Structure formats: structure tokens, C-alpha cells
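Atoms within a ligand are numbered from 1 in the order they appear, just like the ligands themselves. Residue numbers count from 1 along this sequence. Quick caveat: nothing in here was measured; it's all calculated off a predicted structure.
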Amino acid sequence: MNMAYFERRGDVLFAENLPLAHIAEQVGTPTYVYSRAALTQNFLAYANACHSHGRAESGALVCYSVKSNSNLAVLNLLGKLGSGFDIVSGGELLRVLAAGGDPRKVIFSGVGKSEDEIKLALSHDILCFNVESIPELHRLSAIAGSMHRTARVSLRVNPDVDAKTHPYISTGLKENKFGIAFEDALQAYRIAHELPNIEVTGIDCHIGSQLLDDAPLLEALDKVIELADQLHAAGIRLHHLDIGGGIGITYDNEQPVAVADYLARLFKRIDHWRADSYGGAPISIMFEPGRSIVGNAGVLLTRVEYLKHGASKNFAVVDAAMNDLMRPAMYEAWHGVQAVQQRDIAARQYDVVGPVCESGDWLARDRALALEPGDLLAIMSAGAYGMTMASNYNTRGRAAEVLVDGSSFSVIRRRENPKDLFALESIVE
Ligand SMILES: *Cc1c(COP(=O)(O)O)cnc(C)c1O
């Protein structure tokens with residue numbers, strides 16, 4: 001997909017037109033490095049596909065999933081390109097606002113929205129709440145009433161399709177905690193329709209993440225369309241359908257469906273449906289992509305501290321760890337590893353591990369690498385669910401983040417120092 005923005009020229013690995021080693025020299029390691037061109041291209045894959053299917057601003061909205069990478073500079077860049085935002089907390093809403101995002105393009109997902117989060121979102125008059133339960137509907141109605149506001153809602157329905165992805169990132173099956181069961185949806189909509197200070201505007205679903213094939217997404221769309229027809233018959237008119245995010249990226253040699261192809265198939269179904277049943281009356285379509293916009297647009301740059309050559313295994317101990325990139329420890333996720341400077345020495349098989357005191361602290365296993373201590377490595381495809389899942393375990397400051405643009409870069413988050421980490425703590429006499 002965007003591998004071209006992190007490309008080897010001769011022996012040297014670049015981010016756009018900038019050698020990655022320059023960033024390490026000036027900012028240190030570990031550092032997340034994002035490509036502005038890759039972020040832009042990935043967002044425009046959605047936006048342009050919407051346009052080419054005759055969907056102007058009001059006919060389609062891409063709501064970038066903030067939790068995949070929530071750096072203000074990333075949000076600001078996407079906002080300027082026209083993106084809306086899918087948030088899952090009040091904190092994410094404040095980030096979007098701080099980044100100059102438009103609250104009227106914000107949708108709020110998540111199973112556990114607190115009263116304070118709902119108040120905050122209502123006070124900014126966000127576009128829509130993706131409601132995940134009937135108790136949430138009642139809470140939303142009561143709070144909106146007390147504020148003399150109307151909450152626009154879509155119900156997140158669970159279409160019970162198998163996304164055929166990792167169980168931890170599959171969300172559309174009956175046994176998941178997410179959404180309202182498909183067979184209960186009509187009744188839930190009736191309740192929503194009756195509640196004061198609630199305006200039903202859409203249907204939402206999100207079936208999982210890292211989907212390589214769009215068949216499960218189109219299957220979910222068919223079920224959502226079926227429900228929209230039932231709602232129409234019950235006198236409930238919808239403004240939009242939100243089909244969620246979930247398109248996968250290339251970590252190793254996966255070949256995810258192209259966004260343009262997926263959207264072409266999706267709009268074809270929707271256009272047929274509207275033409276057949278509604279005389280062509282339009283309905284707005286929303287998406288919530290995260291990984292497919294940022295995943296391949298970032299790498300984690302790290303330096304080799306030690307090489308441990310053993311009888312049965314070799315370890316490259318690097319200065320990034322599971323606290324910086326949790327995905328391998330959490331999902332056994334596979335990330336490519338590339339030496340920033342290729343060396344003319346024999347490669348060996350290495351496990352790339354961090355300094356954290358956990359056996360689960362590994363970033364990659366069994367990789368052929370030609371290394372010397374002090375070498376730089378790039379952990380590839382680390383732009384999504386990398387920095388946002390980072391922790392301070394072992395009192396490690398979180399990595400710096402930089403955004404590359406052509407042959408220059410900007411630091412978009414400074415490295416945390418140890419004092420930052422205990423600044424909020426106090427000793428009791
Ligand atoms: C995480 C999430 C997304 C984004 O998923 P990706 O796989 O990163 O595209 C979209 N919608 C909801 C509700 C989510 O929780």
C-alpha cells in the first residue's frame with residue numbers, strides 16, 4: 001500500500017525523502033515516524049472514492065477513528081482534508097477540538113459513555129451518538145432533556161457476521177459486548193423514536209478490524225439495509241448508514257481489498273437499493289476507518305542496545321519495548337523489521353526484544369538481520385494502535401513522534417521524560 005513512503009534507496013531506509021537515520025540523530029530513539037504523504041493518500045483513497053461515486057460532502061462522511069492514532073498533528077491534517085472523527089471517549093473529543101476538528105463531524109461510539117462524556121459531547125452539539133444499548137438511550141435522553149438539547153442518534157447494531165479476523169478484534173458476532181443484537185434492533189429503534197430529546201438519524205455497525213476481504217462488510221451492509229427498510233415501514237426515516245471501519249493493511253504479505261474497490265461495490269449496492277425502493281432518494285453513508293489510514297503511514301524507529309548470541313537463540317535487545325508497541329505482546333501481531341542501514345555482514349536469526357522485564361516483551365521473532373550494536377531498526381506498519389496503546393510500564397517515557405514531509409520533519413510529540421511520569425504523584429506523610 002504505502003510501503004513506497006518508507007523505501008530503501010541503496011543501503012539506506014528513507015521516510016519520504018528523509019533518511020531515517022537523520023531523525024534518530026536529532027530526536028533520539030525510540031521514535032514513531034509518520035509520513036504526511038502516506039496519511040494524505042490513505043485518507044484521499046476514501047474521500048476520492050466517495051466523490052467519484054457522486055457523493056459530495058453531504059452524501060458521504062469519512063469519520064477517522066481517533067483511537068488508532070490520536071496525535072493532534074494527525075487529527076489536524078486529516079481534519080483539513082475534510083475528515084470527520086469517530087471518538088470513543090470525552091478525551092478524544094477534546095483532542096479533536098484542540099486539533100481544530102469540527103464537532104459537527106464527530107460521532108461518538110463506545111459501550112460505556114459516562115454522564116460527563118455525554119454532557120461534553122452534547123455541549124459541543126456533535127453530529128451523532130452511536131448508541132450501544134437501551135440503558136444508554138435512556139441516559140442520553142435524560143441528559144439531553146436536562147440540557148434542553150436534542151441528541152442525534154444511530155443505534156450500533158450487531159449484524160452477527162463473522163469478520164474472520166483475530167478474536168480480539170472481531171466485534172460483530174453475537175457473543176461480543178458491542179452493539180444491539182440484530183433481532184432486538186427494531187424494538188430498540190421504537191424506544192428511541194418515542195424518547196424525548198432523541199432524534200433517530202442513522203444505523204451504525206462496525207464488525208471488526210484488519211479485514212482483508214470486503215465480503216463480511218458487504219454482508220453487514222445487506223443486513224443494515226434490511227433493517228433500514230423495516231424502520232421505513234415503521235415510519236422511522238434515516239439520514240445515514242454508518243458501515244464502520246475495519247479495512248486491513250499489509251503487515252507481512254497480506255493483500256487487503258483496495259479501498260476504491262470496496263467502496264465501488266458498496267455504493268453500487270446502495271444506489272441499486274435506493275433506486276429500487278426509494279425512487280433514487282439519497283441517503284448519506286459514513287465510514288469509520290482507522291488502521292487503513294494510519295497503519296502503513298508510520299514506523300517505529302529503534303536502536304539496538306545489545307546483541308546476545310546464544311546456543312539456541314539470538315536476541316537483538318532494542319530500546320523500544322512492549323510499552324511502546326503493544327500489538328505483538330497483546331495479539332501476537334507480526335510487524336516487519338528493517339535495518340535502517342544495510343550492512344555487508346552475515347545475517348543471523350534474531351528475536352527483537354525490548355528491555356522490559358516481561359517474557360512477553362518482544363517485537364518480532366526469528367528475523368534474518370545483519371546487525372551490529374548501535375544499529376537502527378524500523379518496525380514497519382506501526383502507525384495504527386502503536387502510540388495510542390503505549391504505556392509507561394517500567395517507568396519508561398513514551399516515545400517521541402515526528403511527522404515527515406518531503407525531506408524535512410517536525411516533532412509532533414516530544415519524548416516524555418521521567419519527571420513527566422511521576423509529576424502527578426504525591427508522597428503521604
Ligand atoms: C476501532 C474502531 C474503528 C476503527 O477500526 P479500524 O479497524 O482501525 O478501521 C471504527 N469504529 C469503531 C466503533 C471502533 O471501535
Side-chain angles (χ1 to χ4, degrees), residues 1 39 42-43 45-46 61-70 74-75 78 83-89 91-93 96 105-113 117 121 126-133 136 153-159 161 163-173 176-180 202-214 216-217 220-221 224 240-251 254 256-259 262-263 266 285-298 326-327 330-331 333 381-389:
M1 220 180 183
L39 290 166
N42 294 345
F43 176 79
Y46 283 91
L61 183 62
V62 180
C63 291
Y64 167 67
S65 173
V66 172
K67 76 178 190 288
S68 62
N69 184 325
S70 60
V74 173
L75 302 180
L78 295 174
S83 188
F85 299 96
D86 176 33
I87 59 165
V88 292
S89 71
E92 287 190 348
L93 175 54
V96 168
K105 290 185 181 174
V106 168
I107 57 177
F108 193 171
S109 301
V111 293
K113 301 175 191 80
E117 289 176 319
I126 64 163
L127 178 60
C128 188
F129 290 83
N130 290 340
V131 172
E132 303 220 13
S133 67
E136 185 189 334
V153 304
S154 68
L155 299 192
R156 177 170 178 181
V157 300
N158 191 333
V161 302
K164 298 186 180 65
T165 183
H166 190 287
Y168 280 16
I169 50 179
S170 176
T171 53
L173 281 170
N176 291 121
K177 73 175 176 183
F178 298 102
I180 293 167
I203 307 179
D204 167 53
C205 72
H206 171 72
I207 61 170
S209 203
Q210 185 55 13
L211 276 69
L212 300 175
D213 183 3
D214 57 1
L217 289 162
L221 174 68
V224 165
H240 72 261
L241 304 183
D242 177 348
I243 201 68
I247 293 290
I249 62 166
T250 302
Y251 286 100
E254 304 91 334
V257 59
V259 167
Y262 159 48
L263 265 58
L266 176 135
I285 302 300
M286 286 162 37
F287 304 95
E288 305 170 350
R291 189 190 314 266
S292 54
I293 290 180
V294 289
N296 281 139
M326 186 95 85
R327 291 177 21 81
M330 188 152 155
Y331 313 114
S381 306
Y385 307 105
M387 186 62 174
T388 49
M389 291 173 94

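Considering backbone and side-chain atoms together, S65 places no N or O closer than 3.5 Å to any N or O of ligand 1. The shortest N/O to N/O separation between V88 and ligand 1 does not fall below 3.5 Å. Residue R291 has at least one nitrogen or oxygen atom sitting less than 3.5 Å from a nitrogen or oxygen atom of ligand 1, judged on distance alone. Between G290 and ligand 1, an N or O atom pair is found at a separation short of 3.5 Å.
Between I247 and L217 the shortest side-chain heavy-atom distance falls below 4.5 Å. Put simply, the side chain of S109 does not reach to within 4.5 Å of the side chain of F178, judged on heavy atoms.
Nearest heavy atoms, T250 versus N296: O-ND2, 3.0 Å. Of all heavy-atom pairs between L212 and I249, the closest is CD2-O, 4.2 Å. Minimum interatomic distance between N69 and G383 (heavy atoms only, all atoms of both residues): ND2-O, 3.0 Å. Considering every non-hydrogen atom in both C128 and V153, the closest pair reads SG-C, 3.6 Å.
Close approach of ligand 1 to P289 (heavy-atom distance below 4.0 Å) involves ligand atoms 9 (O). Close approach of ligand 1 to S209 is summarised as follows: ligand atoms under 4.0 Å from at least one heavy atom of the residue are 6 (P), 7 (O), 8 (O). Each of the atoms 13 (C) of ligand 1 lies under 4.0 Å from some heavy atom of R156.
Contacts of D86 with ligand 1, taken as heavy-atom pairs under 4.0 Å, involve the side chain alone. With a 4.0 Å heavy-atom cut-off, ligand 1 is reached by the side chain of Y385 but not by its N, CA, C or O.
Classification of the Y46-F287 ring pair by plane angle, with boundaries at 30° and 60°, yields tilted.
Remark: K113 fails to qualify as a cation-pi partner of F129 under the 6.0 Å distance and 45° angle criteria applied to the six-membered ring.
Residue contacts with ligand 1 do not include S292, since none of its heavy atoms lies under 4.0 Å from the ligand.
Between H206, E288, K67, it is K67 that holds the heavy atom closest to atom 2 (C) of ligand 1.
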